[in-house]
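These numbers come from a predicted model, not from an experiment.
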Amino acid sequence: MASWFITYERPMAPPGSIKQVITPDHGCLLKITGSVVGVDLPDRAEIGRYATPLPAAEAETLKALAVSAVDEASALKGMTVPRGTRFMTFGLGRTGEDIDSLASFPMSESFPQAIKRFDESMLALAKRMLDHPQATLRGTAICEPGTLTPQENLAVTLTLRNSGPAPIRIQNPAAAASDEKVGLQVTVDKELPPGKEDEGDMKFVRLTRGEVSQQKPRESDRGGALRSMVELAPGGEIVLSLRLQRRLYLGTGAYRAWVTYESSTENVPEQAAVEGSLKVPAGTFSVKAKR
């Protein structure tokens with residue numbers, strides 16, 4: 001007799017999401033592919049996969065909640081929503097077969113009772129699962145120096161670390177074959193009081209090969225060409241220096257910065273792959289007029 005499964009996907013900061021699959025035999029698999037926003041989960045600047053077994057009773061309870069949520073969504077089908085609205089999707093199926101019931105509900109609307117109960121239960125499970133990483137990548141970053149003049153270019157140190165229990169493979173931006181393969185973006189936003197923000201105060205810079213270098217290459221990389229793909233053992237890390245070679249034309253004031261790393265799974269074995277868009281806060285820096 002075929003076993004059943006539950007599938008659930010909740011959009012996060014574009015283009016990321018939280019995805020979960022539950023089966024009574026294998027428990028729960030969680031995948032986070034972007035920044036966690038708008039829910040009661042910590043944003044740890046981490047993406048990847050998490051997995052843990054589930055007690056049979058909990059799995060059955062979640063199945064019952066999923067059935068009720070699918071029925072409720074089906075009854076409300078046909079709602080008119082603005083173009084571009086993102087949807088939470090969920091459903092049930094039998095292992096090895098096509099999904100039996102798939103439903104969705106717009107994130108722009110308040111969740112009705114059954115969908116809300118199911119969503120809250122899945123998010124509570126996701127929160128617990130953060131303690132059970134399978135293949136995960138975490139980032140830290142800092143702006144250096146913390147104070148610039150308008151004529152100086154921003155520099156950021158980015159550290160990408162394997163925060164899971166098994167080896168992973170990631171693309172090395174410092175050894176990218178082309179600018180399009182670098183996969184790094186720096187975002188800068190001026191700190192202003194609420195209501196005073198202006199779109200012109202936020203800058204987005206996609207980095208090119210000449211703006212990224214690797215610090216402290218491993219012994220095997222020293223004296224030769226850097227590897228385009230690096231394998232990180234548990235706790236292993238790669239440290240990158242990001243030095244913008246272009247003017248941002250920032251006025252005096254305080255700014256916040258983030259670095260986004262696009263983790264590609266191209267040519268990476270599934271068990272070692274980490275997929276998603278890792279957004280890493282890089283703290284603050286100030287721009288002061290040169291005396």
Inset, instruction - Group every Ile, Leu, Val, Met, Phe, Trp and Tyr by side-chain heavy-atom contacts under 4.5 Å, then state whether Val239 and Tyr261 land in the same group. - result: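 Looking at the clustering, Tyr261 is in a separate group from Val239.
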Which atoms form the tightest heavy-atom contact between [X] and [Y], and what is the distance?
X: Glu275; Y: Thr33; value: O-CG2, 3.6 Å
X: Pro150; Y: Arg247; value: O-NE, 3.5 Å
X: Pro234; Y: Gly164; value: CB-O, 3.4 Å
X: Ala69; Y: Ile115; value: O-CG1, 3.7 Å
X: Gln245; Y: Gly210; value: CG-O, 4.1 Å
X: Lys279; Y: Ala45; value: O-CB, 3.9 Å

Would you indicate whether the side-chain heavy atoms of [Y] and [X] approach each other to under 4.5 Å?
X: Gln171; Y: Val268; answer: yes
X: Asp100; Y: Leu92; answer: no
X: Leu30; Y: Ile18; answer: yes
X: Leu125; Y: Lys127; answer: no
X: Val205; Y: Leu248; answer: yes
X: Thr7; Y: Phe90; answer: no
X: Leu207; Y: Pro173; answer: no
X: Leu184; Y: Val212; answer: yes

Inset, instruction - Go through the steps to decide whether Leu62 and Leu54 satisfy the test side-chain contact (heavy atoms from CB on, under 4.5 Å), and finish with yes or no. - result: CA-CA 11 Å; Leu62 290 169; Leu54 287 182; 4.2 Å; yes
From [atom1] ([X]) to [atom2] ([Y]), nearest 0.5 Å:
X: Ser3; Y: Asp25; atom1: OG; atom2: CG; answer: 4.0 Å
X: Ser228; Y: Asn172; atom1: OG; atom2: CG; answer: 7.5 Å
X: Cys28; Y: Arg128; atom1: SG; atom2: CZ; answer: 8.5 Å
X: Arg206; Y: Thr187; atom1: CZ; atom2: OG1; answer: 10.0 Å
X: Ile6; Y: Leu65; atom1: CD1; atom2: CG; answer: 8.0 Å
X: Leu158; Y: Leu278; atom1: CG; atom2: CG; answer: 8.0 Å

Taking [atom1] in [X] as the centre, count heavy atoms belonging to other residues, nucleotides or ligands within less than 6.0 Å. Is the count above 12?
X: Gln151; atom1: CD; answer: yes
X: Glu270; atom1: CD; answer: no
X: His132; atom1: NE2; answer: yes
X: Asp40; atom1: CG; answer: no

Donor-acceptor contact below 3.5 Å, side chain [X] vs main chain [Y]:
X: Thr136; Y: Pro133; value: no
X: Arg44; Y: Leu130; value: yes
X: Glu152; Y: Thr149; value: yes
X: Asp179; Y: Arg209; value: yes

Inset, instruction - Any chance you could lay out the side-chain contact (heavy atoms from CB on, under 4.5 Å) test for Asn162 and Leu137, step after step, and finish with the verdict? - result: CA-CA 5 Å; Asn162 179 354; Leu137 180 68; 5.7 Å; no
Inset, instruction - Kindly give the cluster partners of Val81, where membership spreads through any ILVMFWY side chain lying under 4.5 Å from a current member. - result: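 Phe87, listed by chain and number.
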Inset, instruction - Verify the ring-centre separation between Tyr8 and Phe118: is it less than 6.0 angstrom? - result: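 Yes, the ring of Phe118 comes within the 6.0 Å limit of the ring of Tyr8, centre to centre.
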salt_bridge([X], [Y]) N-O dist < 4.0 Å:
X: Glu211; Y: Arg246; result: yes
X: Lys181; Y: Glu266; result: yes
X: Arg161; Y: Glu46; result: no

Inset, instruction - Go through the steps to decide whether Leu242 and Leu240 satisfy the test side-chain contact (heavy atoms from CB on, under 4.5 Å), and finish with yes or no. - result: CA-CA 6 Å; Leu242 317 180; Leu240 302 167; 4.1 Å; yes
Run the side-chain donor-acceptor check on residues 280-288: report pairs under 3.5 Å with partners two or more places apart or on a different chain.
none

Inset, instruction - Could you check Glu237 against Thr159 for side-chain hydrogen bond (donor to acceptor under 3.5 Å, both in side chains), going step by step and ending with a plain yes or no? - result: CA-CA 7 Å; Glu237 62 185 32; Thr159 302; 5.2 Å; no
Legend entry - side-chain contact (heavy atoms from CB on, under 4.5 Å) partner of Met129, the single match among Ile32, Thr52, Leu29: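 Among the candidates, only Thr52 passes.
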Inset, instruction - Please name all residues satisfying salt bridge (Lys or Arg N to Asp or Glu O under 4.0 Å) with Arg10, sequence neighbours left out, ordered by chain then number. - result: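 Once residues adjacent in sequence are excluded, the partners of Arg10 under the salt bridge (Lys or Arg N to Asp or Glu O under 4.0 Å) criterion are Asp119.
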Inset, instruction - Test Trp258 against Val188 for side-chain contact (heavy atoms from CB on, under 4.5 Å), laying out the working first. - result: CA-CA 7 Å; Trp258 296 265; Val188 172; over 6 Å; no
